[in-house]
Protein chains: 2
Amino acid sequence: MYKENNLSKNQQIIFDLINKSSEPLKAYTILFSVQKKGIKAPPQVYRALDKLVETGKIHKIESKNAFVACRNSNCEISKATAFSICESCEMVDEISDTKLSKYLSGFNHKKGMKFKRFNLEFFGICKKCKKD
Amino acid sequence: MYKENNLSKNQQIIFDLINKSSEPLKAYTILFSVQKKGIKAPPQVYRALDKLVETGKIHKIESKNAFVACRNSNCEISKATAFSICESCEMVDEISDTKLSKYLSGFNHKKGMKFKRFNLEFFGICKKCKKD
DNA sequence: TTAAAATTTGTTATAATATAACACTATGTA
DNA sequence: TACATAGTGTTATATTATAACAAATTTTAA
């Protein structure tokens with residue numbers, strides 16, 4: 001079964017949930033939601049999340065300890081991620097900007113460290129919240 | 001006492017510890033270290049950390065849940081932070097790069113959201129670890 | 001096709017990170 | 001002074017995450 005779509009049963013259940021969601025989901029929110037599907041304990045959720053992050057199907061929003069589905073088919077397995085986060089409604093949007101991505105991927109540290117990966121989180125107030 | 005240096009007693013104790021450290025410190029590591037100075041419970045640590053982050057004296061490394069002293073007097077109270085993180089030795093270095101900072105501060109989201117703040121974390125293997 | 005290897009699952013317990021709530025003290029300001 | 005604001009100390013508890021182990025499933029390759 002695994003080879004068909006690369007995801008195991010638990011991974012698929014959890015990915016589907018995150019993918020359908022309009023907002024980042026936290027691990028224990030996910031756990032609660034999938035209990036009816038037989039996923040009963042935290043390690044089952046965290047293992048699936050780890051794998052999904054590893055394969056780039058989802059991303060972790062570090063400042064929120066929450067997970068979103070990857071909306072950017074070009075993000076090269078999470079090597080270069082950028083998000084905009086609304087500080088009012090908590091909305092998170094993945095930024096797909098080729099220029100930004102290229103600029104940061106090509107950025108070299110003065111001290112000579114070569115980067116393999118980056119994660120960028122922008123914060124502000126989204127359009128919708130500004131109106132209110 | 002507060003006005004003299006802007007930091008309260010607990011804030012100063014915790015800032016000094018982080019400032020002296022060569023690596024990011026976690027909240028409970030801090031708690032353990034300052035117990036001899038009379039700081040006994042998590043809320044005391046977290047309150048001081050919150051304030052220090054708020055005033056830009058320290059930064060939180062989100063991917064590690066750990067704290068470092070600000071090494072960049074120009075970072076404008078944590079509105080624009082960037083770090084390089086070694087995935088091998090866990091070393092964290094604050095990046096002060098005017099060009100990078102300007103580029104990101106001026107970045108505008110296609111969807112019209114105006115950003116107030118960003119946090120960028122680069123990952124790789126540091127020079128020292130590469131040699132080993 | 002079958003045995004070994006790798007991956008995934010299920011489970012219990014517990015570790016690590018963080019906040020709520022309340023009473024009280026110290027400091028800044030009118 | 002007296003009032004407001006910020007900080008402290010404390011107990012309890014909420015939230016996030018992993019260790020450890022046994023069993024089942026899937027992949028691989030002989």
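Numbers restart at 1 for each chain; the letters A, B, ... are given by sequence-line order, proteins then strands. What you are looking at is a predicted structure, and each value in this text was computed from that prediction instead of being measured.
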Review point. Short question: side chain of Lys37(B), backbone of Ile14(B) - any donor-acceptor pair under 3.5 Å?
Key: no
Check your understanding: Any sub-3.5 Å donor-acceptor pair from Lys26(A)'s side-chain atoms to Lys64(A)'s backbone N or O?
Key -> yes
Check your understanding: In Å, rounded to the nearest 0.5 Å, how long is the span from CD1 of Ile85(B) to CD1 of Ile95(B)?
Key -> 9.0 Å
Review point. Roughly how far, to the nearest 0.5 Å, is the CD atom of Glu23(B) from the OG1 atom of Thr29(B)?
Key: 8.5 Å
**Study point:** Nucleotide-resolved protein contact map, nucleotides 13-24 of chain C, B/S/- at heavy-atom distance under 4.0 Å
**Key:** ----BBBBB---
Review point. With a 4.0 Å cut-off, would you call Glu87(A) and Arg117(B) a salt bridge?
Key: yes
Review point. To 10°, what angle do the rotation axes through the five end pairs on each side of the helix from dT1(C)-dA30(D) to dA30(C)-dT1(D) form?
Key: 50°
Spacing between [X] atom [atom1] and [N] atom [atom2], to the nearest angstrom:
| X | N | atom1 | atom2 | value |
| --- | --- | --- | --- | --- |
| Lys51(A) | dT9(C) | NZ | P | 10 Å |
| Leu49(A) | dT9(C) | CG | C1' | 15 Å |
| Lys9(B) | dT25(C) | NZ | P | 14 Å |
| Gln35(A) | dT11(C) | CD | P | 12 Å |
| Asn10(B) | dA6(D) | CG | P | 17 Å |
| Leu7(B) | dT8(D) | CG | C1' | 15 Å |
| Asn6(A) | dT26(D) | CG | P | 14 Å |
| Leu25(A) | dT15(D) | CG | P | 16 Å |

**Study point:** Distance-only side-chain donor-acceptor flag, Thr81(A) / Asn119(A), under 3.5 Å
**Key:** yes
[N] phosphate, OP1 or OP2, under 4.0 Å from [X] side-chain N/O:
| X | N | result |
| --- | --- | --- |
| Gln44(A) | dT9(C) | no |
| Ser8(B) | dT27(C) | no |
| Gln11(A) | dT8(C) | yes |
| Lys40(A) | dT11(C) | yes |

Check your understanding: Is there a side-chain contact between Ser63(B) and Phe123(B), using heavy atoms and a 4.5 Å cut-off?
Key -> yes
Point to revise | ring pair (Phe, Tyr, Trp, His ring centres under 6.0 Å) against Tyr103(B), all qualifying residues, sequence neighbours excluded | key: Tyr103(A)
Practice item. Could you label the plane-to-plane angle of the Phe115(B) and Phe107(B) rings as parallel, tilted or perpendicular, counting under 30° as parallel and over 60° as perpendicular? Key: parallel
**Study point:** Minimum-distance nucleotide (side-chain atoms of Ala41(B) versus dT9(C), dT11(D), dG9(D))
**Key:** dT11(D)
